[in-house]
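Down below is the structure, laid out as structure tokens.
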Amino acid sequence: MSDNDQIDNESGGLDDQIANRKKNLESWRAAGIDPYGQGYHKTHTASQIREENEGLEAGEEGEEVSFAGRLMTRRDMGKAAFLDLGDRDGSLQVYFRLNNLGEESFKRLDWVDLGDFLGVKGQVFRTKRGEISIKVSEWTILSKAVMPPPDKFHGLKDTETRYRQRYIDLFSNAEVRKTFVVRSKIISAMRRYLDSLGFLEVETPNMATLAGGASARPFTTHHNALDLELYLRIATELYLKRCIVGGMDKVYEIGRVFRNEGISTRHNPEFTLLEIYEAYSDFEGMVKLTEGIIGTICKEVLGTYEVEFENYKLNLEPPYRRATMDELFREHAGKGIHEIRDRETAFAMAKEAGLDVNPNKSTLAHCIDKLFEHYVEPHLIQPTVVTEYPIELSPLAKRKPDDLDITERFELFVAHNEVANAFSELNDPVDQKGRFEAQAANKDIDDEAHPIDDDYVQALEYGMPPTGGMGMGIDRLVMLLTNSPSIRDVILFPLLRPRAQK
RNA sequence: GGGUCGUUAGCUCAGUGGUAGAGCAAUCGACUUUUAAUCGAUUGGUCGAAGGUUCGAGUCCUUCACGACCCA
């Protein structure tokens, strides 16, 4: 009895709100109704009801429907009440009226709290004030929310709670839900496009004894039965190219990769990467394919090539501007790429620019990367295909036939962000082995150096056809297309440091 | 790793070293077409944590935790 005494207290603290909600829950049970009910036959979603009854005049009645959703707001008026039920499309107003429901059914509204799930049946109509609504003739509770939802108007703002308890963010902030719907549509449009071109979606290992294909530190894990140290993949590249060796010719994978590095508005330790490989193609083919993918997504998902991101108005309609790294460095740094490929020159420039690169601890490649980031990237706003990367930056790319220090590679930049990276794949096993060895030689100053993958080299020894390959970071693409300033806005459950014990 | 900012009621936020506030939510009441419903009343606080300065700290100082943004 002492518990019930507390429940009867009038107050507004969290414990009391929970107690009141539990009391309401018990009222349903006492009436013989399970407040955590069974499935409910919905004939329509909120947006379907709106669309199908658009033609209704104020006061006019439409079809009979059943509908279900979460109670978002309610306006009680004595012997009538208006409730807004939210489903994934939005929300719909439902109208409860004593005369339509009878005493017993109407009275049960007292046991309903914001956040509860309700199922309703009734006739669609348009109110005096023009709102499409349902005149409820029959209804039930489908699930009880014992925790109170956030502010009905302001939603949930606290970033930490939004990320830690994303479910609250999703049900209380419609625009957040929208972002993740768009994300899903982007990925499915991407799949549809690639499938239509005859690409085969494949799955390669998440765990392996080597983590190659990119410059990044891996996560480690352990397989007990084999007593084996394993790495989580940092890229899908080397396995996908083994598929090309195997004759699969056109493959892609949309997969999670894991990189053991810092967290920022543009980095989450696990993120989603698209990689594509096409036999008998090359980096020029990959330019076309990249343009095709982005163009198709804009057309099918956004319905426009015009996109706003940060303060930029971007036009993503292909084809995109092309520029060589040499041209861009000349334009923005006053020196060409062949000059910059000299260690002394590169590090002197970096020092002059105030960049944090130490000649004793950084590779030339890393230094050039930093210089490009500093001098050139800020200028790459509209989509730009940057070509002719020096060989130091591209250990898996084929050399340009007329300039062996330059590779057949491009990166696509939009709004000074790298969106895609592609090249003609290096298929000469001897050259590949040499590049791996050059990477390994830097191991002491570069903990992100590619490891030597002898099995991969052996695969090339069996022969890999000339191949074009491309990688695209899905999260950053979604950021761009949804105008999201942080990668955490496009990842449902981003990694956060655990909260201290209360 | 460094810097700046933030952490106050369930939510959104005010708060000048001197009695801890508002709106929403909650509770009670009125209202049979409202829509951030309206109207009346009531309740709700370890001010992120721990120290310190002070007659007195949400407010000033130190450390810590978590987060946001910027830099590396």
Side-chain angles (χ1 to χ4, degrees), chain A residues 6-24 56-61 71-86 90-103 106 109-116 123 125-136 145-165 168-169 171-174 261-267 310 350 353-358 361-362 366 369-370 373-374 485-489 494-502:
Chain A
Q6 290 218 324
I7 287 169
D8 290 338
N9 283 349
E10 286 180 10
S11 52
L14 179 58
D15 290 345
D16 301 299
Q17 290 199 41
I18 292 170
N20 275 310
R21 284 163 177 266
K22 286 185 174 166
K23 200 171 83 178
N24 288 336
L56 284 185
E57 302 283 331
E60 198 183 349
E61 299 192 342
L71 177 58
M72 305 308 287
T73 60
R74 63 186 290 177
R75 293 170 292 285
D76 283 281
M77 316 189 47
K79 299 187 175 63
F82 291 92
L83 282 66
D84 294 313
L85 301 185
S91 75
L92 188 80
Q93 175 170 278
V94 298
Y95 178 47
F96 287 67
R97 187 165 174 261
L98 175 62
N99 294 9
N100 299 343
L101 289 162
E103 289 274 352
F106 189 77
L109 273 179
D110 291 347
W111 308 337
V112 168
D113 297 289
L114 292 184
D116 289 359
Q123 212 159 18
F125 75 111
R126 191 185 286 277
T127 66
K128 272 187 204 165
R129 308 292 278 267
E131 181 92 6
I132 295 285
S133 309
I134 299 173
K135 199 168 280 182
V136 178
V146 173
M147 292 293 287
D151 190 290
K152 68 181 177 189
F153 184 65
H154 297 97
L156 180 66
K157 288 257 175 66
D158 183 81
T159 46
E160 193 173 344
T161 312
R162 286 186 47 223
Y163 299 148
R164 286 190 198 281
Q165 293 176 277
I168 306 176
D169 192 30
F171 76 66
S172 55
N173 297 324
E261 47 201 29
I263 293 175
S264 77
T265 46
R266 293 171 54 196
H267 299 86
E310 291 172 355
L355 301 174
D356 178 41
V357 282
N358 182 334
K361 285 195 286 188
S362 300
H366 182 248
D369 227 14
K370 287 282 166 198
E373 238 174 68
H374 179 262
S486 167
I487 198 169
R488 293 179 212 100
D489 296 330
L495 185 68
L496 296 188
R497 196 187 288 271
R499 201 103 172 84
Q501 288 293 320
K502 281 184 194 171

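Each chain gets a letter, A, B and so on, in the order its sequence line appears, and its residues count up from 1.
An OP1 or OP2 oxygen of B:U34 is reached within less than 4.0 angstrom by a side-chain nitrogen or oxygen of A:R129.
Under the rule for a side-chain contact (heavy atoms from CB on, under 4.5 Å), the partners of A:D369 that lie at least two apart in sequence or sit in another chain are A:L393. Partners of A:A174 under the side-chain contact (heavy atoms from CB on, under 4.5 Å) rule, at least two apart in sequence or in another chain, are A:R177. Every residue two or more places apart in sequence or in another chain that forms a ring-ring contact (aromatic ring centres under 6.0 Å, His included) with A:Y95 is listed here: A:F82, A:F125. Listed by chain and residue number, nothing satisfies the side-chain hydrogen bond (donor to acceptor under 3.5 Å, both in side chains) test with A:R21 (two or more places apart in sequence, or in another chain). Applying the side-chain hydrogen bond (donor to acceptor under 3.5 Å, both in side chains) criterion to A:D110, with sequence neighbours excluded, gives A:K107. With sequence neighbours left out, the salt bridge (Lys or Arg N to Asp or Glu O under 4.0 Å) criterion links A:D158 to no other residue. Among residues two or more places apart in sequence or in another chain, the side-chain hydrogen bond (donor to acceptor under 3.5 Å, both in side chains) test is passed with A:D15 by none. Under the salt bridge (Lys or Arg N to Asp or Glu O under 4.0 Å) criterion, A:R266 pairs with no residue, sequence neighbours left out. A:E60 pairs by the side-chain contact (heavy atoms from CB on, under 4.5 Å) definition with A:L56, A:E57, not counting sequence neighbours.
Within 4.0 Å (heavy atoms only), A:K157 reaches sugar-phosphate atoms of the nucleic acid but no base atom. When heavy atoms are screened at a 4.0 angstrom cut-off, A:F106 is found touching no nucleic acid atom at all.
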Scoring nucleotides 67-72 of chain B by protein non-hydrogen atoms under 4.0 Å (B base, S sugar-phosphate only, - none) yields SSSS-S
For RNA chain B, the expected dot-bracket line (Watson-Crick or G-U under 3.5 Å, [ ] crossing, | inter-strand) is (((((((..((((....[..)))).(((((.......))))).....(((((..]....)))))))))))).
With the criterion being N/O to N/O and under 3.5 Å, what pairs connect the protein with nucleotides 37-41 of chain B, and how long is each?
residue	atom	partner	partner atom	Å
B:A37	OP1	A:K152	NZ	2.2
B:A37	OP2	A:R75	NH1	3.1
B:A37	N6	A:D76	O	2.9

